[in-house]
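Only one structure is covered here, and it is reproduced in the block below.
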Amino acid sequence: MIDVQLLRTEIDAVAKRLATRGYVLDVAAFGALEEKRRQVQTATEQLQSQRNALAKQVGQAKAKRDDALAAALMRQGTELGETLKRMEAENTVVQERLREFVSLVPNLLDASVPVGNRPEDAVEQRRWGEPRKFAFRPKDHVDLGATLGGLDFDTAAKLAGARFVVMKGAIARLHRAIAQFMLDTHTAEHGYVEVYAPYIVTGACADGVTSLAKFKGDLFKIEDRDLYLIPTSEYPVTNFVRDTIVPLEQLPLRFACYSPCFRSEAGAAGKDTRGMIRNHQFDKVELVQIVHPAKSYDAHEELTGHAEAILRKLELPHRVVTLCTGDTGFSSAKTYDIEVWLPGQNAYREISSCSNFEAFQARRMQARFRNEKGKPELVHTLNGSGLAVGRTLIAVMENYQRADGGIDIPPALQHYMGGLKVIATSR
RNA sequence: GGAGAGGUGACGGAGCGGUUGAACGUGCCGGUCUCGAAAACCGGAAUACGCGCAAGCGUAUCGUGGGUUCGAAUCCCACCCUCUCCGCCA
């Protein structure tokens, strides 16, 4: 959530900055709401003050056994009560409306974010590795999976409809190996604490990391309950610190969480209908950091590096881009996407998204720390995929494919595959 | 799922209709004493919001949301959570 004080004091500057996102801040609407709020809140508090004073007088009158005075004061209180009740109800409505307005405003972007409104306006930061030159025409993961019998979309469709996958045999094991490898790397080499968390969270938690009102269509909801399947473990893990004040010396908190992710609108745009690039269910190892505000941009660079390290160890060519203003997510102040090379598509495709949310999520969650002066202050939160497991599987399959349709196992994963070096075709 | 107990400040723990933002203790910060420290003593200390240039004043907050009342941490209702016992279960 954006700081309301900022809207009150510098709304024109805020509107200008938000415009680079393509977001139109309704300055007039906010002004009107704010004016109304000020008026109603002040009136309400004055009435409450009168009621409190009156009640106190009743108590004093009763202590002096002045029943006549007490009765008169109580009659006054009854009258006041009715006016107050109406005013309080109005106040609740106005406050709620204002809260709603503010909670729908996206985060302010960092000054370093490139201006643009199309995905192609992302700015490349660096590249690692050279796409392999194939002596044959490389297949995509769907064909490779069909040949190996390891990816079965037909059976998945029978079970749950489109955009799911069934994995079998060595491919299923490779999928598991990749997740284990990522988790081990982040905990052993990058200083993250492995966590296991619920795959279902409350609406309040969802609203803590983004705007639930705005994005609930992307989520699977549990019927008749205020509970949602997580679209990423960012949801439960970042909320570890909701409504808490973290001691200064405990920062930074670093968590790595392996979980399935469920996304309802995964295919709404009609993109990537083939294969398992974009499914309703996929696994991901998520990195989450809770940090001191002064250190969040350093942490952002580090976290992105931790995600990249996985691709370097797997020797998968990739690049890092900074998303442009129009393409950066609602809660984020700055986002790096890591894109891996997919020979089957002859393109770099997103495999990780690493964001600094500054205090935007912390304000929604009321996640604070006790600062150097002993005062509570909002933390900064970050997260990034480290990495999406299914897409990493695709990248390994496509980049390590052999002319005969088999898959070489990257050296870093062989240990996790019981020493296996190749997934061979059975035909 | 059934039966019972309970949710109060950093923590422990009182309060069970009136001047209680909340006794008391521990912890924390400042001071006195001391060569220094401990002990003892004195003092201070919640969060959010509103109005105000400021000093300051006001409002809200005792799990959450409603209700009763002139007045609710205290009474009533619903929900959530924790603990104990029973049942069921990977």
Side-chain angles (χ1 to χ4, degrees), chain A residues 1-9 11 30-103 196-208 212 222-228 236 239-251 260 359-360 362-379:
Chain A
M1 196 153 64
I2 198 164
D3 187 356
V4 201
Q5 297 298 350
L6 219 52
L7 289 178
R8 289 186 184 139
T9 55
I11 191 154
F30 177 79
L33 262 176
E34 178 62 7
E35 175 58 33
K36 181 82 178 161
R37 189 226 95 226
R38 187 184 303 257
Q39 191 189 315
V40 174
Q41 181 173 338
T42 307
T44 304
E45 290 182 356
Q46 267 168 16
L47 287 170
Q48 285 171 331
S49 177
Q50 283 173 39
R51 176 206 56 197
N52 291 346
L54 211 54
K56 198 174 264 188
Q57 285 172 40
V58 172
Q60 284 164 349
K62 289 212 167 180
K64 287 186 208 150
R65 297 173 183 282
D66 189 342
D67 290 343
L69 178 59
L73 289 167
M74 280 159 69
R75 239 176 288 122
Q76 274 185 55
T78 309
E79 283 171 36
L80 185 67
E82 279 165 35
T83 322
L84 177 59
K85 204 166 188 175
R86 255 180 281 122
M87 200 51 95
E88 278 180 333
E90 193 177 346
N91 188 41
T92 306
V93 170
V94 173
Q95 299 282 356
E96 179 52 30
R97 239 187 253 149
L98 191 68
R99 196 205 62 80
E100 210 170 280
F101 181 97
V102 176
S103 80
Y196 171 87
Y199 300 156
I200 298 173
V201 296
T202 62
C205 286
D207 203 56
L212 180 60
I222 306 294
E223 194 172 18
D224 296 331
R225 306 198 54 178
D226 179 34
L227 294 171
Y228 300 82
N239 276 286
F240 282 5
V241 291
R242 90 176 338 235
D243 289 324
T244 57
I245 298 174
V246 183
L248 180 63
E249 64 274 14
Q250 280 181 22
L251 296 179
F360 190 82
R363 193 173 289 110
R364 299 178 89 93
M365 292 189 300
Q366 281 306 295
R368 297 177 292 176
F369 72 106
R370 209 166 278 285
N371 69 17
E372 291 79 352
K373 289 177 184 156
K375 290 289 172 198
E377 185 181 336
L378 294 169
V379 295

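In what follows, chains carry the letters A, B, and so on, assigned in the order in which the sequence lines appear, proteins first and then strands, with residues in each chain numbered from 1. Nothing here was measured: the structure is a model prediction, and the numbers come from that model.
- For Lys375(A), the listed nucleotide lying nearest its side chain is rU47(B); candidates were rC49(B), rG18(B), rU47(B).
- Atom P of nucleotide rG17(B) and atom CE of Met74(A) are separated by 17 Å, given to the nearest angstrom.
- Pairing of rC51(B), defined by two Watson-Crick or G-U wobble distances under 3.5 Å, is identified with rG56(B).
- For Lys56(A), whose side chain is taken as the heavy atoms from C-beta onward, the closest listed nucleotide among rA60(B), rU19(B), rC51(B) is rU19(B).
- The CD-P distance, from Gln50(A) to rA60(B), rounds to 13 Å in whole Å.
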Salt bridge (charged side-chain N to carboxylate O under 4.0 Å, His left out) between Glu90(A) and Arg86(A), worked out:
CA-CA 6 Å; Glu90(A) 193 177 346; Arg86(A) 255 180 281 122; over 6 Å; no
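- Between the C1' atom of rG71(B) and the CG atom of Leu47(A) lies a distance of 16 Å, rounded to the nearest Å.
- Across all strands, Arg368(A) comes closer than 4.0 Å only to sugar-phosphate atoms, never to a base (heavy-atom distances).
- Residue-to-nucleotide proximity on RNA chain B shows that, of Gln48(A) and Gly77(A), the 5′-proximal contact is made by Gln48(A).
- Between rG71(B) and Asn52(A), no contact under 4.0 Å exists linking OP1 or OP2 to a side-chain N or O.
- Remark: C1' of rC70(B) and CD of Glu82(A) are 12 Å apart, rounded to the nearest angstrom.
- Asp226(A) places no side-chain N or O within donor-acceptor distance of the main-chain N or O of Thr202(A), the cut-off being under 3.5 Å.
- In the set rG71(B), rU68(B), rU47(B), the nucleotide with an atom closest to the side chain of Lys85(A) is rU68(B).
- Residue Gln5(A) has its side chain nearest to rG50(B) when only rG50(B), rG18(B), rG58(B) are considered.
- Annotation: rC76(B) and rA5(B) have their P atoms spaced 13 Å apart (nearest Å).
- In this structure, CD of Glu96(A) is placed 12 Å from P of rG65(B), rounded to the nearest angstrom.
- No side-chain donor-acceptor contact under 3.5 Å links Arg97(A) to the backbone of Arg37(A).
- We find that CD of Gln366(A) is positioned 13 Å from C1' of rU61(B), with the value rounded to whole Å.
- Arg37(A) comes within 4.0 angstrom of the backbone, heavy atoms only, and of no base.
- Between the CE atom of Met1(A) and the P atom of rA48(B) there is a distance of 14 Å, given to the nearest Å.
- If you take atom C1' in rU20(B) and the same atom in rG36(B), they sit 42 Å apart, rounded to whole Å.
- With distances taken from any side-chain atom of Ser49(A) to the nucleotides rU47(B), rG18(B), rU59(B), the minimum falls on rU59(B).
- When the P atom of rG9(B) is taken as reference, atom CD1 of Ile245(A) falls 12 Å away, rounded to whole Å.
- Within the structure, a side-chain polar atom (N or O) of Arg38(A) is placed less than 4.0 Å from OP1 or OP2 of rC51(B).
- Across all strands shown, rA37(B) remains unpaired; no Watson-Crick or G-U wobble contact has both distances below 3.5 Å.
- Scanning all heavy atoms of the two residues, the minimum distance from Gly208(A) to Arg242(A) falls at CA-NH2, 4.1 Å.
- No hydrogens or angles were tested; on distance alone, a donor-acceptor pair under 3.5 Å links the side chain of Lys62(A) to the base of rG18(B).
- For Thr42(A), no side-chain nitrogen or oxygen approaches OP1 or OP2 of rG50(B) to under 4.0 Å.
- When the nucleotides rG58(B), rC49(B), rG18(B) are ranked by their closest atom to the side chain of Arg8(A), rC49(B) comes out on top.
- Between the side chain of Gln41(A) and the base of rG50(B), no donor-acceptor pair under 3.5 Å is found.
- In this structure a side-chain-to-backbone donor-acceptor pair under 3.5 Å is present from Arg364(A) to Asp207(A).
- Of the possible donor and acceptor atoms, none in the side chain of Ser49(A) sits under 3.5 Å from a partner among the backbone N and O of Glu45(A).
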